[in-house]
Amino acid sequence: MDPAVIIVNPAAGRGRVGGQLARIQAWVRRWAPEVSVWVTEGPGHASELTRRAPPDARVVAVGGDGTAHEVVRALGPGQVLGLVPVGSGNDIARMAGLRRVGLERALATALWGGIVRYDRGIVDGEPFASSATAGLDAAVARRAFAAPRYLRGLPRYLWALAAELRGLALPQARIEVDREEVYAGPMLLAAMMNSATYGGGFPIAPMARPDDGRLELVWAGAFTRLGVLGILPRLLAGRHLGHPRIGHRSGVRFRLSFDRPVPIQADGEVLPERAEIEVVIEPAALPIAADPGAREGTPALEEARPVTAMPEPTV
């Protein structure tokens with residue numbers, strides 16, 4: 001029997017998850033009363049709670065990509081990630097096929113669903129599930145935290161993009177993939193993708209597969225503000241890869257260096273700016289409760305497998 005904890009970030013989804021807390025607790029009381037619901041109190045708390053969970057637990061992240069990323073970066077080798085995507089972006093859940101399944105079905109899948117092993121990326125020691133990027137898209141991820149509360153997903157990203165374009169200034173970059181230089185020159189962005197989308201649904205790397213042991217690097221070279229606006233419709237449609245200033249390379253190890261520190265993000269979470277990063281892939285290192293068969297319907301709860309109770313964490 002799998003032990004489990006549910007970690008709820010009430011601030012996710014611009015505070016929308018907090019409004020779902022009572023509904024989540026009621027569902028757990030009815031169908032999984034042995035499972036503890038832990039509520040985060042601020043940034044970094046989901047990682048702390050993950051470390052307090054038993055080493056063989058299913059750790060269920062209720063929120064968006066930020067909440068899931070905090071769990072991923074603290075997940076132990078015997079733990080399993082569960083996803084209840086009710087945040088703003090949800091690209092990790094989209095990668096695992098868990099978007100738009102409904103709150104109750106997502107909870108049931110997280111607790112009782114089959115386990116699928118996905119690849120995990122590492123950017124300078126920081127684990128990530130979906131994406132690691134440098135340049136404009138990372139700056140947009142940082143800017144998105146200041147977006148109006150009513151904006152979620154793709155509209156939130158577009159608002160932040162418009163704000164960042166006003167001060168656009170490209171760094172000089174050098175990119176190596178598997179120890180081979182593939183680009184040198186001005187760089188708008190570089191995205192190392194385990195999933196097809198980022199930013200709440202942008203199909204930046206439609207060829208990406210999260211279980212093939214590789215990352216897909218997509219970079220954009222010398223673009224002006226008008227050039228960015230011109231390529232945007234093609235990006236939204238996933239038809240940008242034929243542009244002469246956009247490159248693509250698949251690989252397992254990536255090194256990027258810049259002439260100055262640039263914004264960096266992983267799974268939408270902003271990391272400290274730096275002038276050099278290294279990214280590697282760890283095949284099948286991220287277990288997620290995401291079996292497609294388990295999502296066909298909420299399990300007949302009379303037959304659902306019980307899980308072990310967890311004590312409340314001590315703060």
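Bear in mind the structure is a predicted one, so any value in this text is a computation, not a measurement. Side-chain atoms are counted along with the backbone in the values below, which use heavy atoms only and exclude waters and symmetry mates.
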Under 4.5 Å between side-chain heavy atoms, hopping through other hydrophobics if needed: is there a path connecting I277 to V182? yes
Apply the test side-chain contact (heavy atoms from CB on, under 4.5 Å) to residues V5 and L49: give CA-CA distance (whole Å), side-chain angles for both, the deciding distance (0.1 Å), then the verdict. CA-CA 9 Å; V5 298; L49 294 176; over 6 Å; no
Among the clusters formed by ILVMFWY side chains lying less than 4.5 Å apart, do M192 and V218 turn up in the same one? no
Flag, side chain of Q265 to backbone of D267, donor-acceptor distance under 3.5 Å: yes
Output for pair (L103 CG, W27 CH2), nearest 0.5 Å, gives 8.5 Å
What closest approach, in Å, do L217 and A190 show between heavy atoms, and which atom pair accounts for it? CD1-CB, 4.1 Å
Are the side chain of D259 and the backbone N or O of P171 linked by a donor-acceptor pair below 3.5 Å? no
Spacing of NE2 belonging to H240 relative to CD1 belonging to I246, to within rounding of 0.5 Å: 5.5 Å
Looking only at heavy atoms, which two atoms of A32 and W112 are closest? And how far apart? CB-CZ2, 4.3 Å
In terms of hydrophobic clusters joined by side-chain contacts under 4.5 Å, are I204 and L241 together? yes
If you look at every heavy atom in V59 and A53, which pair is closest and at what distance? CG2-CB, 4.1 Å
I'd like to know if the side chain of D178 and the backbone of V252 have a donor-acceptor N/O pair within less than 3.5 Å. yes
Do L168 and L188 touch side chain to side chain, with heavy atoms closer than 4.5 Å? yes
Quick one: does R58's side chain get under 4.5 Å of P3's, heavy atoms only? no
Is the backbone of F128 close enough, under 3.5 Å, to the side chain of H69 for a donor and an acceptor to pair up by distance? no
Is a donor on one side and an acceptor on the other found under 3.5 Å between the side chain of Q20 and the backbone of V86? no
How about E176 and R253: do any of their side-chain heavy atoms sit closer than 4.5 Å? no
Donor-acceptor check, side chain of E70 to backbone of G44, threshold 3.5 angstrom: yes or no? yes
For R225, I'd like to know if atom CZ has over 12 heavy atoms of other residues, nucleotides or ligands within 6.0 Å. yes
What heavy-atom pair brings A196 and A208 nearest, and what distance separates the two atoms? N-CB, 4.0 Å
Which residue pairs satisfy the salt bridge (Lys or Arg N to Asp or Glu O under 4.0 Å) criterion with at least one member in residues 200-221, sequence neighbours excluded? none
Considering only heavy atoms from C-beta outward, does the side chain of V17 approach that of T67 to under 4.5 Å? no
Are any side-chain N or O atoms of S131 and backbone N or O atoms of M193, one a donor and one an acceptor, separated by less than 3.5 Å? no
When rounded to the nearest 0.5 Å, the distance separating CZ of R239 from CZ of R234 is 8.0 Å
Count I, L, V, M, F, W, Y as connected when their side-chain heavy atoms are under 4.5 Å apart, and connections chain through other members. Are L98 and L286 then in the same cluster? yes
Any side-chain heavy-atom pair from M187 and V262 closer than 4.5 angstrom? no
Search all heavy atoms of G63 against all heavy atoms of N90 and return the closest pair with its distance. O-OD1, 3.6 Å
Contact between L158 and F202 at the side-chain level, heavy atoms closer than 4.5 Å - yes or no? yes
To the nearest 0.5 Å, what is the distance between OH on Y183 and CZ on R249? 14.0 Å
Any heavy-atom pair between the side chains of R245 and I231 that's under 4.5 Å? no
With R174, which of E276, E180, E181 fulfils salt bridge (Lys or Arg N to Asp or Glu O under 4.0 Å)? E181
For residues M207 and L189: do they belong to one hydrophobic cluster (side chain heavy atoms under 4.5 Å, members Ile, Leu, Val, Met, Phe, Trp, Tyr)? yes
In short, F223 meets H243 closest at the heavy-atom pair CZ-CE1, 3.6 Å
side-chain contact (heavy atoms from CB on, under 4.5 Å) for I175 and L256? Distances and angles first, verdict last. CA-CA 5 Å; I175 301 175; L256 286 72; 4.1 Å; yes
Let's go through L75 and V72 carefully: what are the C-alpha distance in whole Å and the side-chain angles of both, what is the deciding distance for side-chain contact (heavy atoms from CB on, under 4.5 Å) to 0.1 Å, and is it a yes or a no? CA-CA 5 Å; L75 204 68; V72 167; 5.5 Å; no
With the side chain counted from C-beta on, respond yes when V123 and L271 share a heavy-atom pair under 4.5 Å apart, and no when they do not. yes
Backbone N or O of I92 within a donor-acceptor pair of the D65 side chain at under 3.5 Å? yes
Salt bridge (Lys or Arg N to Asp or Glu O under 4.0 Å): which pairs involve residues 117-144, sequence neighbours left out? R73-E126, R120-E282, D124-R274, R142-E273, R143-E164
Let me confirm one number: the CG-CG distance from N194 to L215, rounded to the nearest 0.5 Å. 5.5 Å
Other residues, nucleotides and ligands only: do more than 12 of their heavy atoms fall within 6.0 Å of CZ on R179? no
Derivation and outcome, side-chain contact (heavy atoms from CB on, under 4.5 Å), residues R105 and T109: CA-CA 6 Å; R105 185 174 295 184; T109 300; 4.3 Å; yes
Rounded to the nearest 0.5 Å, the CD atom of E48 sits from the CD1 atom of I7 at a distance of 10.0 Å
